[in-house]
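The figures here come from the full heavy-atom set of this structure, side chains too, leaving out hydrogens, waters and symmetry mates. Just so it is clear: chains get the letters A, B, ... in the order the sequence lines come, proteins before strands, and each one is counted from 1.
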Amino acid sequence: MATELAKTYEPRAIEARVTERWLSSGAFAAVPDGRPPERRYVIMMPLPNVTGALHMGHAMDNVMQDLLVRWHRMRGDNTLWQPGTDHAGIATQAVVEKRLFELEGKTRHDIGREELVRRIWAWKDEYQQRIVRQQQQMGCSADWQRQRFTMDEVCSAAVREAFFRLFCDRLIYRGDRLVNWDCQLQTAVADDEVYHEPVAGHFWHLRYPLKDPGPGEPTHVVVATTRPETMLGDTAVACHPDPRAALAASIAAQRDKISAAGAKERAAEEEELARLEARAREQVTGLEQLAALARAGKRVILPLLEREIPLIVDPWAKPELGSGCVKITPAHDPNDYAVWQRHRDQLGILNILNPDGTLNRNAGPYAGLDRFAARERVVADLQARGLIEAIEEREIEIGHSDRSKTPVEPYLSKQWFVRMGDLPGGVTCGRGTAKERHTTGLAQAAIDAVRADWRSPGGLRLSFHPERYAAGYVAWLAEKRDWCISRQLWWGHRIPVWTRVCTGGGEVRAAVDAVPRDAGGALHLWVSDADGQQLTADAVPTDADGSFEVQVCVRSKAAEAAHAAALAAAGFAQDPDVLDTWFSSALWPFSTLGWPNPAAAAVNPGQTRLGGDGGPDSFSYYYPGSCLVTARDIITLWVARMIIMGLYNHGELPFTDCFVHAKILDGKGVTMSKSKGNGIDPAEIIRQYGADAMRYLICDMETGMQDVRLPVQATCPTCQAKVELTDAEHGHTIFTYLCTACHAEFDVLGTMPNVPAASVTSDRFEVGRAFCNKLWNAARFALSNLGQLGFSPLDRSALAAEDRWILSRLQRAISAVDEHLGAYRPAAAVGVARDFFWGELCDWYLELIKPRMRDDSQAPIARQVLAHVLDQVLRLLHPFVPFITEALWEFLREQAPVRGLATPLGDAPLCLHAPWPTVDPGLIDAPLEQELARVQEVIGRLRELRARHDVPPRRELPAAIRGPAERLAVFSRHAGLIRDQARLSALHLGSEAPPLHHAATQVSADLEILLGDVLDPVVERKRLGAVLEKLHKQLEASQKKLANPSFVERAPADVVAGEKTKVAELSAQIASLTTNLAALEG
RNA sequence: AGGCACGUAGCUCAGUGGGAGAGCACUACCUUGACACGGUAGGGGUCCGCAGUUCAAUCCUGCGCGUGCCUACCA
C-alpha cells in the first residue's frame, strides 16, 4: 500500500523503496515460455571486471541496456538481461598481488599458487557484491538469479568444451612466437593490452667492426637503435640487396608525393627529396659495397661480446633510413624475427632476457643486470671503446603493458594460439547441429557476418549501430592475426592440455601408447613438431629425429579426474598457463546459459536452473540473443571474438545488433578515468541527484555522436565552492587543483597525503533532477484532482477540444518514441517523451483543464482523460526513469484502479510489467492539432505583448484579432481558452472589433493581434520601429528572390508559391504596423 | 603516415538544400491552489576558413585550419 504522495520529490526514499519492491518480487526474472523466437529479447551484459567500482562509462553502458530491456519487456517480449562479472585475469591478479606486497611485503611466490588464488576469490566475492549493488542502485533490471562469474563452474565447463573442439580441429596450437612480455607481471600480453606512450629517449648509432677488412673496404658498419642493450642478442647485420634500386624507387615515390602534396606540406617533402637524392649520390656506393661483402660471406664482430655475426642482405634494411644498415635481434624485435625466419640457415636466434626483465647468461658479463641498467652499461662500454658514432635525442613511442604500466619487451616464448586465418580444408561451424556450415577460417566467418548479403543458417545478420563501426571491425579481423590465448598467470582458466616433451619418434610412440584410452572421446591427442605443426600420432615415424611434444587435451573436469593420475604417471604434465580472459568472455553469450549441457549445469544455491526441469532449457531458448551494447574500444577485443565463438560452436551469431554508444569525456575532452582524477563516481551522482536524474541525462547525452563531454566540478574541501575543473589551475601535481575561490589546493584522486580530497561531480545532472521534480509535481497535481476515479466508457464526442488534442499529441509521441528507440536514438526518444510531457501535457493541457477541474459537472471527463494520459506517460517514461515512474504508478493505480477511454487499458501491478503504449490511429486528429497550434501561437503573442509592456499578471485586458474569416473562426471556437490563458477581459474577433485604447500590436503570418489599455506608447513606438525594420529586410530578400527569373523557373512550384505568400503576408503586416505606428504618434 | 569522426549561441549538444534550434548559463517580470528543482517573456550565432556545384549552401564536393579516436610504423 502506497503511503501518501510526499510534497517534495526525494529520490533516495523513492529509489530505495522501489528497488526493494522489484528485487523482493523477482520482477526481472527471465522464464522460458511459449513465446516464439521473434518475441524474445536477450542482452548479455558486458561483464565488468571485478577489479574495482563502476565508473560513468559503466553507467552509460548499463543505462543503455536497461533502456532497451525495459522497453522490450513492456512490449511483451520474453526478456533476459544476463548479468555477470569477469575474472579479468591479469588485471585482478595484478591488483591482488600489489595489495599483498603493500600490506604484507610478500610476492605471489611467497604464498604459492593455491593461496594466491584463494585470496583472489575472496577479493572477487567482495567486489562482485559491490558492483551488483551499484547496478541495482542504477535500476538495472537484469535477472540477478542468473548472475554469473566467468570462473563459475558452468562457465568453466563451456571453456573446456570450446577449447577441446578448437583443439581437435587444429584451431588451437602451441608455438614459439615473439610476444609482448610484461616483465613485472611476467606474462605475455596481447597487442590490445599494450598502449603506446611517447617517452624521451635516445637514438644511438653504434659501430660494429668488420672482420678482417680488406684494402678499400670499410672498417665498420654503423647501425642505429633506441634499445642498445639488445645488441647483445644480435645475430646479424643486414643491408639491402639492391640499395641503388631501392633508393631510386623511394625517390620516385617521393616525387609522386610532392606532386600530390598541398602547399603547406610541400616544403617539407621537397626537403625529404633532397635528402634522398643526396643519399643516392653519396652513400649508395658504400651500401652496394656492403651488399657485395655480405654476399661474399663477410662477417662482423659484435663488440663487447666479441661474437662473430654474419653480414646478410635483406630488404628489411632500408637504404633511405639511418645508416642504411640494420642490426638483427630476432628474439627481441618483431621485424628482426621476420628477417630471421627468412634466413634461418644463415643466422641464429638468441634470447638475452629472463622473464623478469633481467639479462640472462647469453648476455655474458651483463647477465643479471636489469635491462635498463644494462642499457647504460652497454652504452658506457661502447663509448669507452669509441664505438658510438652519434647520439640523438629523440622522442620514442614505447609500448607499455596496460596492467603494470611498465614497458613491454618483445620476447620469444612458447605460447598457445587460436588460428584466425584460413585453413586448407576450411573450418566447420556448428558441427553436429542443424546449423552446421562450412567457412574458410574463423576470422573470415566473422567478416562475412556483416556483409549485406550474408545470412546465417537461422536467417540472421550482424549489424552495427551506428553503421560506421562495421568498418573498423572488418579491418581488424582482416589481419587474421593468430590470437595468443596463453597467459603466464595463476588466476584464470587453466589450459586443459597435458604435455610430454619427447626426443625422436621412438619416444613419441612410447608416450602416445601410454596415454589412457578413453571410450567417451574425452581425450584428444596431437603430436606437435618443432614448428608447432600438429600431426597425428602415426604420422611420426619411430625413427624420426628431433624434438616433439605429445599434447593431450582433456575435455571435461570429470575426464581430468579420471585420467590425471595415469597421465602424470606416463610423464605428462599439465600446462601451467591460464587462458586469456577474453577466451572465456568470448563464450559469454552461451556459457552463461549452460552450454554444452544445460540440464546438468551447476548453478549456485538460489539461482535459476538452466534446464532439466521439463521446459525448454535456457540455452536453446535464449540463444541466439538480440543486442550487444558497448563502447567502441571493445569491438575488436570482445565483440569480434564472441561472433567467432558463436559461429564456430553453434553455426549461429550470438546477437544480431551491436549498439555502440558514446564514451563520456570530461570538460576538456579527455576520457574519464579514475587514474586521471577526472572520473565521476555514479554512486556520488545517485547520492546527490538520484538514479533517475542520472539515467535521464545519460539518455539525453546519447545522441549518436562519438563522444560526450561532461564538464566536471569539484567541491572545494576548504571553502565548499564548486570549482569547474576546466577552469582551475593545477596544484603541485596534475592530480591537485587550486580552488578558484579560496586558492586552497585540493586533491581529486584522494591519494595525496597532505592535500585534502575533493568530491568530484557534474552539475549537468541538475537537469535530470529538475525533470524528475517536474514529473513528480505534475503527477501530484493530477492525482490530487482525480479523487477516487471510476471507469466509464468514454465516447469521443463527449470529449472537449483540449482532450482530443492531448490524446492526438500522445499518439504522435508514442509513435516517435518507438521509432527512435528502434533506431538506437535514446536522446531523440527521451526528447520526444520529455517534450510531450513537459511542453504539452504540463504547459498546456494541465493549464487548460484547471477551470474544468473546479466545476463538478465538467470534471469527470477531464479526470478520466487525465488519468489515461498520465498512465500512458508513466509507461512511456518508464524505461528512461524507472524509479519515479514505478513509484507514481503505485499511486495512480490506487486513485484510478481502472484507466482508459472507450475500453480499460491493460494493467499490471508493477509499471515495469505494464503493457507498452500503442498508437490508436482513431485518436489522431491532425486538423485539431493545427488549430490548437494556432491558438497557442496567438496566446504566446498576447503574452509577449503583456511582458513587453509590464502588465501585471492578474490584470485583465481587452484584445482583438484581425485576419481572414476562416482563421477567426478557429479562435472563435477556442475563445474561452484564449481568454483564460492570456488573461483577457474581452476578445474581439474581426475587423468590426471596436477600437482599443493604447493598443499594442503584434503581427503573425496573416494575423494582426492587438492588446488594449497598454500604458506606454513610447515603448511601443520604439518596438514597432524595430519590428518594421526587420520585416522590411525579410520582404526585400523575398522580393529579390522572386525577381530572379532562374529562381522562378527552376525552383519547385511550392517553394515559389510559398515565397509569394510570404511577400503578401509581409506587405500586409508592414501596412498594418505602419498604420498603428502612425496612430500611436498621432 | 593511413583511416574514421567532429568543428553550429558563453557551455553541452540537436538539426535541415529554401525563413538558424534545445537545455544550462544570462536579463526582466511573477511566490497565481502541482512544481522557484517552477512560470511567462527576452537578449545572444559570418552555422571554422576558402573555393566549387546549385536558382538557392550551415547542409553537397574539394582544399585548408583545428580537435578527438582507431590502425600501422619509426632499426
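Here, B/U12 and B/U32 have their C1' atoms 34 Å apart, quoted to the whole Å. Spacing between B/C65 and B/G10 at atom P, rounded to whole Å, works out to 26 Å. Spacing between B/G17 and B/A57 at atom P, rounded to whole Å, works out to 15 Å. Distance check on atom C1': B/G19 versus B/C63 gives 31 Å, rounded to whole Å. Straight-line distance between the P atoms of B/C24 and B/A36: roughly 15 Å, to the nearest whole Å. Rounded to whole Å, the P atom of B/U61 lies 13 Å from the corresponding atom of B/C4. Between B/A22 and B/A41, the two P atoms lie 12 Å apart (nearest whole Å). Here, B/C26 and B/C11 have their P atoms 15 Å apart, quoted to the whole Å.
With hydrogens and angles ignored, the 3.5 Å screen pairs a side-chain donor or acceptor of A/N777 with a backbone N or O of A/N773. A donor-acceptor pair under 3.5 Å links the side-chain atoms of A/R863 to the main chain of A/N785, judged by distance alone.
Contact annotation: A/R709 side-chain N/O to B/U12 OP1/OP2 distance is under 4.0 Å. Between A/N335 and B/C74, a side-chain N or O to OP1/OP2 separation shorter than 4.0 Å is present. Regarding contacts with the backbone of B/A34, a side-chain N or O of A/K850 is found under 4.0 angstrom from either OP1 or OP2. For the OP1/OP2 pair of B/G39 and a distance below 4.0 Å, the side-chain nitrogens and oxygens of A/W838 include at least one atom meeting the criterion.
Salt bridge annotation for A/K850-A/D980: absent, with no cationic side-chain nitrogen under 4.0 angstrom from a carboxylate oxygen. Of the charged side-chain nitrogens involved, at least one lies within less than 4.0 Å of a carboxylate oxygen, so that A/R481 and A/E479 count as a salt-bridged pair. Using a 4.0 Å cut-off between charged nitrogen and carboxylate oxygen, A/K1062 and A/E1065 do not count as a salt-bridge pair.
When the P atom of B/G38 is taken as reference, atom CG of A/N773 falls 7 Å away, rounded to whole Å. Protein atom NZ of A/K663 is 18 Å distant from nucleotide atom P of B/A5, rounded to whole Å. Atom-to-atom, CD of A/E944 to P of B/U40 comes out at 14 Å; the value is rounded to the nearest Å. B/C69 atom C1' lies 21 Å from atom OH of A/Y473, rounded to whole Å. Distance CG (A/L477) to P (B/C70): 18 Å, rounded to an integer number of Å. Spacing between atom OH of A/Y195 and atom C1' of B/U71 amounts to 19 Å, rounded to whole angstrom units. What separates CD of A/E10 from P of B/C35 is a distance of 15 Å, to the nearest Å. In this structure, the CZ atom of A/R468 is 12 Å from the C1' atom of B/G68, given to the nearest Å.
For A/R854, counting side-chain heavy atoms from C-beta on, the closest listed nucleotide (B/C4, B/C35, B/G33) is B/G33. Looking at the side chain of A/F781, the nearest of the listed nucleotides B/G42, B/A34, B/C35 is B/A34. Closest to the side chain of A/E479, out of B/C37, B/A72, B/A34, is B/A72. Listed nucleotides: B/C69, B/C35, B/A41. Nearest to the side chain of A/R943: B/A41.
Between the side chains of A/T230 and A/K327, at least one donor N or O sits under 3.5 Å from an acceptor N or O. With no hydrogens or angles considered, a side-chain donor-acceptor pair links A/E10 and A/T8 at under 3.5 Å. Using modelled atom types, one finds a donor on one side chain and an acceptor on the other under 3.5 Å when comparing A/H205 with A/E392.
As judged by a 4.0 angstrom heavy-atom cut-off over every strand, A/C842 is placed among the base-contacting residues. Using a 4.0 Å heavy-atom cutoff across all strands shown, A/F203 reaches sugar-phosphate atoms only and no base atom. Within 4.0 Å of A/R227, counting heavy atoms only, lies no atom of the nucleic acid at all. Backbone-only contact: A/D707 has heavy atoms under 4.0 Å from sugar-phosphate atoms and none from a base. Among the protein residues, A/V1048 comes within range of no part of the nucleic acid, since none of its heavy atoms lies under 4.0 Å from any strand. A/K318 comes within 4.0 angstrom of a base, heavy atoms only. At a threshold of 4.0 angstrom between heavy atoms, the contacts of A/A471 with the nucleic acid are absent. Looking at heavy-atom distances under 4.0 Å, A/R946 makes no contact with the nucleic acid at all.
Comparing A/L710 and A/S784 by the nucleotide of RNA chain B that holds the closest heavy atom to each, the one mapping nearer the 5' end is A/L710. Residue whose closest nucleotide on RNA chain B sits further toward the 5' end, between A/I939 and A/T636: A/I939.
Across every strand in view, B/A51 sits in a pair with B/U61 that passes the Watson-Crick or G-U test at under 3.5 angstrom. Look at B/G19: it lacks any Watson-Crick or wobble partner with both distances under 3.5 angstrom. The partner of B/U31, taking Watson-Crick or G-U wobble pairs whose two distances both stay under 3.5 Å, does not exist in any strand shown. The partner of B/C26 is B/G42, by the rule that a Watson-Crick or G-U pair needs both atom distances under 3.5 Å. B/G66 is paired with B/C6 under the Watson-Crick or G-U wobble criterion, all donor-acceptor distances under 3.5 Å. For B/A1, the paired nucleotide is B/U71, the pair qualifying as Watson-Crick or G-U wobble because both relevant distances are below 3.5 Å.
Checked by distance alone, A/K774 brings no side-chain donor or acceptor within 3.5 Å of a matching partner on the base of B/C37.
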*Would you please test A/S1038 and A/K1040 for side chain to side chain donor-acceptor pair (under 3.5 Å) and show each step?*
CA-CA 5 Å; A/S1038 288; A/K1040 206 172 143 193; over 6 Å; no
*Go through the steps for A/Y696 and A/R834 under the test side chain to side chain donor-acceptor pair (under 3.5 Å), then give the verdict.*
CA-CA 10 Å; A/Y696 174 88; A/R834 178 229 302 124; 2.7 Å; yes
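Within 6.0 Å of the CZ atom in A/R468, the count of heavy atoms belonging to other residues, nucleotides or ligands exceeds 12.
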_How would you summarise protein contacts on nucleotides 17-24 of chain B per nucleotide, using B for base, S for sugar-phosphate only and - for none, with heavy-atom distances below 4.0 Å?_
-BB---S-
